[in-house]
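Inspection log for the structure reproduced underneath, given as structure tokens.
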Amino acid sequence: MNATLLQLHHREAFEQTVTRALTAGAGAGVLHLALTRVGLPLPLVWLVPAAVVLGCARGDKWDRVLLGGLGVLLTALPYALGMAPGWTVAFSAAAAGALLVRSRLSERGENGQVAEARPTLFHFGLGAALCAGLTLSGMEVSRVFSARLADLATPALLGAGVAGGILGLFVGLSAVAAHLALSADPVEARVEALLPQLAGDFRALTERALNLYRQCGQSLAMLPREPARGTGAHPGEDDARRRGARV
């Protein structure tokens with residue numbers, strides 16, 4: 001029987017995205033303070049998601065320009081629709097979450113994926129939902145921290161950076177949607193878990209072997225059913241069955 005496991009692909013890229021989101025959020029918090037001082041109090045819950053998309057945009061030059069422009073426009077659009085505040089924040093953050101998934105696809109390239117490990121419509125929807133929920137939660141956490149820092153007479157600049165950084169962290173965590181996948185083969189799952197620990201030529205060879213393994217499984221699945229094949233539609237199943245027989 002196949003084991004279906006939830007895998008986190010390319011953990012290092014996800015950690016880099018979260019770090020960038022934290023930095024972008026802190027910068028947005030400082031910008032929010034400066035704009036408030038000059039009489040232009042833009043919402044922090046809009047500035048942070050927009051800044052995170054701008055800071056995490058990947059791909060070539062035009063990809064980054066397009067993602068950055070959409071990050072500003074699509075996250076600002078809900079504020080012009082006259083919805084309730086909670087729904088406005090949720091829809092704005094959802095746009096940012098979907099764009100973070102798109103940024104991951106731009107970074108890897110349409111042909112740069114390992115086998116089928118690429119974001120799909122499910123990942124876009126999951127990213128939007130996660131970002132909406134996490135942003136609403138982060139907004140409350142940031143508000144509590146801001147109140148506590150004000151009680152401690154924390155300098156305004158530092159407090160603004162911390163508040164924005166906390167919100168940016170929550171927004172950045174939604175990028176995990178672009179790295180999640182269900183693997184129905186235990187061999188694939190174990191190799192995917194091992195890849196982050198490898199480096200250099202050995203990692204490249206392992207990725208190539210995994211790619212070939214998946215391609216063989218796909219080719220076998222397209223062949224007509226024959227008695228000689230039995231029920232082994234995937235090489236992982238046949239290998240597991242043979243190992244079990246030897247034991």
Side-chain angles (χ1 to χ4, degrees), residues 6-11 13-29 31-32 41-59 63-64 66-107 118-147 160 162-182:
L6 187 65
Q7 293 293 302
L8 177 65
H9 295 277
H10 307 287
R11 183 181 60 193
F14 170 63
E15 292 172 351
Q16 290 174 3
T17 298
V18 173
T19 302
R20 288 189 180 192
L22 179 62
T23 305
L31 177 61
H32 176 259
L42 294 177
L44 180 65
V45 287
W46 169 67
L47 286 174
V48 170
V52 169
V53 175
L54 285 169
C56 298
R58 307 288 181 87
D63 284 333
R64 294 193 299 271
L66 179 60
L67 287 169
L70 288 175
V72 174
L73 293 176
L74 292 183
T75 56
L77 181 61
Y79 291 88
L81 299 180
M83 296 184 291
W87 285 107
T88 300
V89 173
F91 276 102
S92 177
L99 289 173
L100 287 177
V101 176
R102 179 60 188 140
S103 176
R104 174 60 182 164
L105 184 58
S106 296
E107 178 190 18
R118 67 175 62 196
T120 63
L121 289 177
F122 168 78
H123 295 88
F124 282 100
L126 180 60
L130 282 176
C131 196
L134 287 170
T135 301
L136 290 171
S137 301
M139 182 176 62
E140 296 301 323
V141 174
S142 177
R143 186 176 299 166
V144 171
F145 266 85
S146 296
V162 170
I166 291 172
L167 189 53
L169 174 63
F170 277 80
V171 174
L173 288 174
S174 66
V176 72
H179 299 265
L180 294 177
L182 287 174

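Residue indices begin at 1 and follow the sequence shown. A quick note: this is a predicted structure, and the numbers were derived from the prediction, not measured.
Distance CG/Leu70 to CG/Leu77: 11.5 Å, rounded to 0.5 Å. Taking CD1 from Ile166 and OG from Ser137, the interatomic distance works out to 13.0 Å, rounded to the nearest 0.5 Å. One distance of note links CG of Leu134 with CG of Leu130; it measures 6.0 Å at 0.5 Å rounding. Between the CG atom of Asp63 and the OG atom of Ser103 there is a distance of 8.5 Å, given to the nearest 0.5 Å. Between the CZ atom in Phe124 and the CG atom in Leu100 there is a gap of 10.5 Å [rounded to 0.5 Å].
Of all heavy-atom pairs spanning Cys56 and Thr17, the tightest one is SG-O, 3.6 Å. In plain terms, the two heavy atoms of Arg20 and Ala57 that are nearest each other are NH1-O, 4.2 Å. Across every non-hydrogen atom of Ala96 and Pro49, the tightest pair is CB-CB, 3.9 Å. Among all heavy-atom pairs drawn from Ala163 and Ser142, the shortest one is O-OG, 3.0 Å. The heavy-atom pair separating Ala21 from Gly168 by the smallest distance is CB-O, 3.4 Å.
Atom OH of Tyr79 has more than 12 neighbouring heavy atoms from other residues, nucleotides or ligands inside a 6.0 Å radius.
At a threshold of 4.5 Å between non-hydrogen side-chain atoms, the residues Phe14 and Leu173 count as touching. Between Val72 and Leu54 there is a side-chain heavy-atom pair separated by less than 4.5 Å. Side-chain contact between Val101 and Phe122: absent, with no pair of heavy atoms (C-beta onward) separated by less than 4.5 Å. Under the 4.5 Å side-chain criterion, counting only non-hydrogen atoms from C-beta, Arg102 is not in contact with Arg58. Here the side chains of Leu167 and Val45 are in contact, with some heavy-atom distance below 4.5 Å.
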Could you check Val141 against Phe170 for side-chain contact (heavy atoms from CB on, under 4.5 Å), going step by step and ending with a plain yes or no? CA-CA 10 Å; Val141 174; Phe170 277 80; 4.0 Å; yes
Evaluation steps, side-chain contact (heavy atoms from CB on, under 4.5 Å), between His32 and Val48: CA-CA 9 Å; His32 176 259; Val48 170; over 6 Å; no
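Judged purely by atom type and a 3.5 angstrom limit, Thr135 uses its side chain to pair as donor or acceptor with the backbone of Cys131. Between the side chain of Ser174 and the main chain of Val171, a donor-acceptor pair closer than 3.5 Å is present.
Side-chain contact, Ser92 with Trp46: no donor N or O sits under 3.5 Å from an acceptor N or O.
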